[in-house]
Amino acid sequence: WRDTPGPLGAVAAAVLAAGVATVRFTYSDDSADRPAASAVDTPTPVVTPTATQARTIAPVETPEAVLRLIPPGYKPGACSPDPGVPVGALAALSCTRNSDSGGPESGHYILFADGAALKAEFDRVVASSTTQVCPGRIMSPGPWRRNATPEVTAGILFCGVRQEKSVIAWTDDAKVLLAVVDSAGQPGMEDMFKWWSTHS
């Protein structure tokens, strides 16, 4: 038992979205006032990158850089590398069900270059979810600590609901890792939180 969530373990949310370009064509209606169109006058598409597109880059680290940081319980082949990661991230993995007791249906784990980028992506997860108090009346979002070092804040913890799924997200500041795990049915939040407490 613990007053604050903890223990050792480490997704995360999910495969990150690739941007879609919006193509807009521009035309002029004043053809009567100027010479016939030439090659120079041919309308050209104007491509406007979306916000998602601007936030996605190719990973610069190998999948193994993330694989060695994630929690145990994933069978071989359960995790695959993301082709695109948020700006400020180095690499990411998307994983299917964790086979340990209470393990989530899916997990997304993102390795970042610095704490600022890590916190920014964590905040995006929170903003896209409905916040809940974590089991045990643990503050959400709020700091979490490991039992071995109760005086040291290990990262920030969040519990909530997103797209009708129970979701737990946490940062591991020492690893500069964001983990986002979720389940649509079983395990529910209580069991998934017990899994987190022994795998974080």
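In this text, all values refer to a predicted model and were calculated from it rather than measured experimentally.
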Kindly give the heavy-atom pair with the smallest separation between [X] and [Y], and that separation in Å.
X: Tyr74; Y: Arg97; answer: CD2-O, 4.0 Å
X: Ala89; Y: Ile110; answer: CB-CG2, 3.6 Å
X: Ile57; Y: Gly88; answer: CD1-N, 4.2 Å
X: Ser200; Y: Trp144; answer: OG-CZ3, 3.8 Å
X: Pro187; Y: Ser183; answer: O-CB, 3.2 Å
X: Gln132; Y: Val161; answer: NE2-CG2, 3.2 Å

Can you tell me how far apart [atom1] ([X]) and [atom2] ([Y]) are? Round to the nearest 0.5 Å.
X: Leu111; Y: Ile70; atom1: CG; atom2: CD1; result: 12.0 Å
X: Met192; Y: Glu105; atom1: CE; atom2: CD; result: 9.0 Å
X: Asn147; Y: Ser197; atom1: CG; atom2: OG; result: 9.0 Å
X: Lys175; Y: Leu118; atom1: NZ; atom2: CG; result: 12.5 Å
X: Leu178; Y: Glu121; atom1: CG; atom2: CD; result: 6.5 Å
X: Arg124; Y: Lys119; atom1: CZ; atom2: NZ; result: 11.0 Å

Exercise. Does a salt bridge link Asp172 with Arg146, judged by any charged N lying under 4.0 Å from a carboxylate O?
Worked result: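 Looking at Asp172 and Arg146, the cut-off is met.
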
Taking the side chain as every heavy atom from C-beta outward, state whether [X] and [Y] have any atom pair closer than 4.5 Å.
X: Gln186; Y: Asp191; result: yes
X: Leu177; Y: Trp170; result: no
X: Leu157; Y: Cys134; result: yes
X: Asp173; Y: Val176; result: no
X: Pro141; Y: Ile156; result: yes
X: Pro86; Y: Thr56; result: no
X: Asn98; Y: Trp195; result: yes
X: Val125; Y: Arg162; result: yes

Exercise. Quick one: salt bridge (Lys or Arg N to Asp or Glu O under 4.0 Å) partners of Asp100, sequence neighbours excluded?
Worked result: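 Asp100 satisfies salt bridge (Lys or Arg N to Asp or Glu O under 4.0 Å) with no other residue.
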
Exercise. In chain order, what residues pass the salt bridge (Lys or Arg N to Asp or Glu O under 4.0 Å) check against Lys165, with sequence neighbours excluded?
Worked result: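 Scan of Lys165 (salt bridge (Lys or Arg N to Asp or Glu O under 4.0 Å), adjacent residues dropped) gives none.
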
For this session: Group every Ile, Leu, Val, Met, Phe, Trp and Tyr by side-chain heavy-atom contacts under 4.5 Å, then state whether Met139 and Phe122 land in the same group.
Result: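 Different hydrophobic clusters.
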
Exercise. In this structure, which one of Ile168, Val126, Val180 forms a side-chain contact (heavy atoms from CB on, under 4.5 Å) with Phe158?
Worked result: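 Single pass found, and it is Val126.
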
Problem set entry | Passing option when Ser140 is tested against Cys159, Ser129, Pro135 for side-chain contact (heavy atoms from CB on, under 4.5 Å) |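 Output: one option passes, namely Cys159.
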
Exercise. Mind checking what makes side-chain hydrogen bond (donor to acceptor under 3.5 Å, both in side chains) contact with Ser166, not counting sequence neighbours?
Worked result: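 None.
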
For this session: Please confirm whether the backbone N or O of Val85 pairs with a side-chain atom of Asp82, one donor and one acceptor, at under 3.5 Å?
Result: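 Side chain of Asp82 to backbone of Val85: no pair is present.
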
